[in-house]
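In the text below, chain A, chain B and the rest are named by the order of the sequence lines, each starting its count at 1.
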There are 2 protein chains.
Amino acid sequence: MEKTLNTPSFRPLYDQIKMLIKKGLIDGEWRPGDVIPSEMELAARFKVSQGTVRKAIDALAAENLLIRRQGKGTFVSSHSQERIHTRFLRIVRDDGKSDHLESRLLECRRDKACDTAASYLGVRAGSAIYTVKRVLLFSGKPVVFDTIHLLASQFKGLELSQIEAFQGSMYSFFETRYGVNMVRAEERLKAVPADAEAAQLLGLDVGAPLLRVDRVAVDYEDRPMEWRRGLCNSAQHCYSNVLA
Amino acid sequence: MEKTLNTPSFRPLYDQIKMLIKKGLIDGEWRPGDVIPSEMELAARFKVSQGTVRKAIDALAAENLLIRRQGKGTFVSSHSQERIHTRFLRIVRDDGKSDHLESRLLECRRDKACDTAASYLGVRAGSAIYTVKRVLLFSGKPVVFDTIHLLASQFKGLELSQIEAFQGSMYSFFETRYGVNMVRAEERLKAVPADAEAAQLLGLDVGAPLLRVDRVAVDYEDRPMEWRRGLCNSAQHCYSNVLA
DNA sequence: GAGTGGTCTAGACCACCAA
DNA sequence: TGGTGGTCTAGACCACTCA
């Protein structure tokens with residue numbers, strides 16, 4: 001109903017509604033997997049027309065925060081029940097066929113952030129973090145060696161056995177056990193020679209070329225929650241991306 | 001006006017309008033850089049409401065085929081007059097600062113498609129193609145060595161001197177001189193050891209790890225127009241990507 | 001059949017741009 | 001001042017899902 005907020009710094013109504021819905025996500029009013037209220041209900045609640053709510057939801061769906069299902073409702077996007085395997089994992093087989101994926105956890109230790117990790121995670125060097133190492137197997141063969149850094153403040157009491165016991169992806173685990181939802185990530189790729197550890201784990205010679213994928217993942221509020229470095233044997237696999 | 005095409009294979013009106021506008025792009029009714037008719041004009045032409053045209057244009061703008069400019073009109077997206085440098089070139093400096101970009105052309109020869117090129121370009125092995133080689137300099141330093149393969153049938157009479165004489169990016173050149181508009185691309189990355197040619201051109205040792213970026217670029221009709229392989233020295237630069 | 005998201009319309013008004 | 005895209009509304013109707 002509020003109309004025409006004349007000029008300086010005009011902000012469309014649907015954008016304000018979008019932020020109100022996002023606030024509901026941040027505050028945990030609706031959790032991943034939940035249905036949010038119908039468009040008509042939200043329209044009544046915010047005192048705007050259904051079309052305006054619709055536009056707000058469209059924007060959030062475009063950012064993959066919400067998922068619309070015709071006839072059923074609009075759901076909070078979740079790492080637990082989706083085909084996000086292609087959304088955050090861009091490593092695929094060269095021939096395009098799908099692999100059986102398996103994660104082998106190596107260690108989980110409490111640690112102090114090095115300068116690099118601290119800068120990526122937005123904390124002071126030396127801050128408490130967890131470091132998790134694992135190998136990703138594609139059809140039984142080790143292809144990616146991941147070193148994952150997490151803010152200790154957000155993942156209190158993280159243990160290797162918990163992660164191992166959990167059925168599902170690691171982001172699904174974070175979401176379910178810690179209420180931390182990875183919503184977006186930035187990756188930076190380089191080619192590097194394999195060091196001794198990676199070479200041993202991936203069954204390669206030291207110095208063999210590896211695809212190094214650095215990732216910073218953020219939550220609803222764009223706060224960095226994870227920094228990971230993946231070392232990938234790109235002999236039979238590659239990093240796939242679409243430019244549009 | 002046409003309403004309710006009851007069930008089997010229901011197709012929304014705006015989607016049909018979208019395809020009609022796309023047809024205008026394919027047929028060259030509006031060329032890159034042109035303004036297309038206003039929403040009201042198109043609505044009258046297609047006998048639908050302005051809102052429906054709007055939704056069709058929104059979809060095409062989301063695919064980067066059109067660009068909306070409030071108060072001015074809707075334009076056909078062009079490689080000539082945009083900041084697409086970040087759209088198709090994902091190599092950036094590690095520190096995020098921007099580099100001065102320069103392209104040094106090495107050769108352009110007519111040649112027969114090898115099996116790989118033929119399969120990527122959707123033609124028979126041995127078909128006539130052009131092969132262009134160049135080095136991309138970032139602030140004066142050679143960073144990427146590109147080998148570009150183009151269908152001879154689409155780029156008749158391509159000469160090194162033409163490309164060199166042209167002011168602007170290579171895709172801008174293709175668009176202006178050959179009416180070939182690269183609209184979307186798929187990239188696949190690997191880490192590979194430098195061969196003698198790449199090592200020499202990029203000032204590295206043979207065997208040094210390089211980021212190999214294979215790209216297939218397609219036109220409005222999704223036909224592959226270009227296959228290129230870029231070999232990138234990722235010592236001071238990296239391939240940057242956002243996952244959302 | 002009731003409820004949800006999805007489409008389409010018609011009309012009013014606003015923000016932006018250029019002449 | 002007039003034209004363009006952008007927002008917002010109110011209402012009708014359709015497609016999909018599930019009980």
Proximity to DNA chain D (any heavy atom under 4.0 Å), residues of residues 24-37 of chain A only: none
Which nucleotide in dT7(D), dG6(C), dC8(D) has an atom nearest any side-chain atom of S49(A): dC8(D)
Whole-Å distance separating the NZ atom of K55(A) from the P atom of dG5(C): 19 Å
N64(A) side chain vs A244(B) backbone, donor-acceptor pair below 3.5 Å: yes
Spacing of I21(A) atom CD1 relative to dG5(C) atom C1', expressed in whole Å: 14 Å
Donor + acceptor pair across side chains of E175(A), S78(A) (<3.5 Å): yes
Below 4.0 Å: OP1/OP2 of dT4(C) and any side-chain N or O of R68(A): no
dT7(C) phosphate, OP1 or OP2, under 4.0 Å from T52(B) side-chain N/O: no
Pair N241(A)-Y239(B), side-chain donor/acceptor within less than 3.5 Å: yes
Qualifying residues under salt bridge (charged side-chain N to carboxylate O under 4.0 Å, His left out), relative to R228(A), sequence neighbours excluded: D146(A), E226(A)
side-chain N/O R54(A) vs dG6(C) OP1/OP2, d < 4.0 Å: yes
Gap between atoms CD and P, on Q70(B) and dG2(D) respectively (whole Å): 19 Å
Salt bridge (charged side-chain N to carboxylate O under 4.0 Å, His left out) contacts touching residues 95-104 of chain B (sequence neighbours left out): R93(B)-D95(B), R93(B)-D99(B)
Angle by which the axis turns from one end of the helix from dG1(C)-dC18(D) to dA18(C)-dT1(D) to the other, five pairs per end, to 10 degrees: 10°
Atom pairs and distances, side-chain donor-acceptor, residues 19-29 of chain A, under 3.5 Å, sequence neighbours left out:
{"from": "K23(A)", "atom 1": "NZ", "to": "D27(A)", "atom 2": "OD2", "distance (Å)": "2.7"}
{"from": "E29(A)", "atom 1": "OE1", "to": "R45(A)", "atom 2": "NH2", "distance (Å)": "3.3"}
{"from": "E29(A)", "atom 1": "OE2", "to": "R45(A)", "atom 2": "NH1", "distance (Å)": "3.1"}
{"from": "E29(A)", "atom 1": "OE2", "to": "R45(A)", "atom 2": "NH2", "distance (Å)": "3.2"}

Given F88(B), F166(B), F173(B), the one that forms ring-ring contact (aromatic ring centres under 6.0 Å, His included) with H79(B): F88(B)
Between C1' of dA15(D) and NZ of K72(A), the distance in whole Å: 15 Å
Interatomic distance, L13(B) CG vs dA15(D) C1' [rounded to whole Å]: 15 Å
Distance, rounded to the nearest Å, where D15(B) contributes CG and dC14(D) contributes C1': 16 Å
With sequence neighbours excluded, residues passing ring-ring contact (aromatic ring centres under 6.0 Å, His included) with F155(A): F174(A), Y178(A)
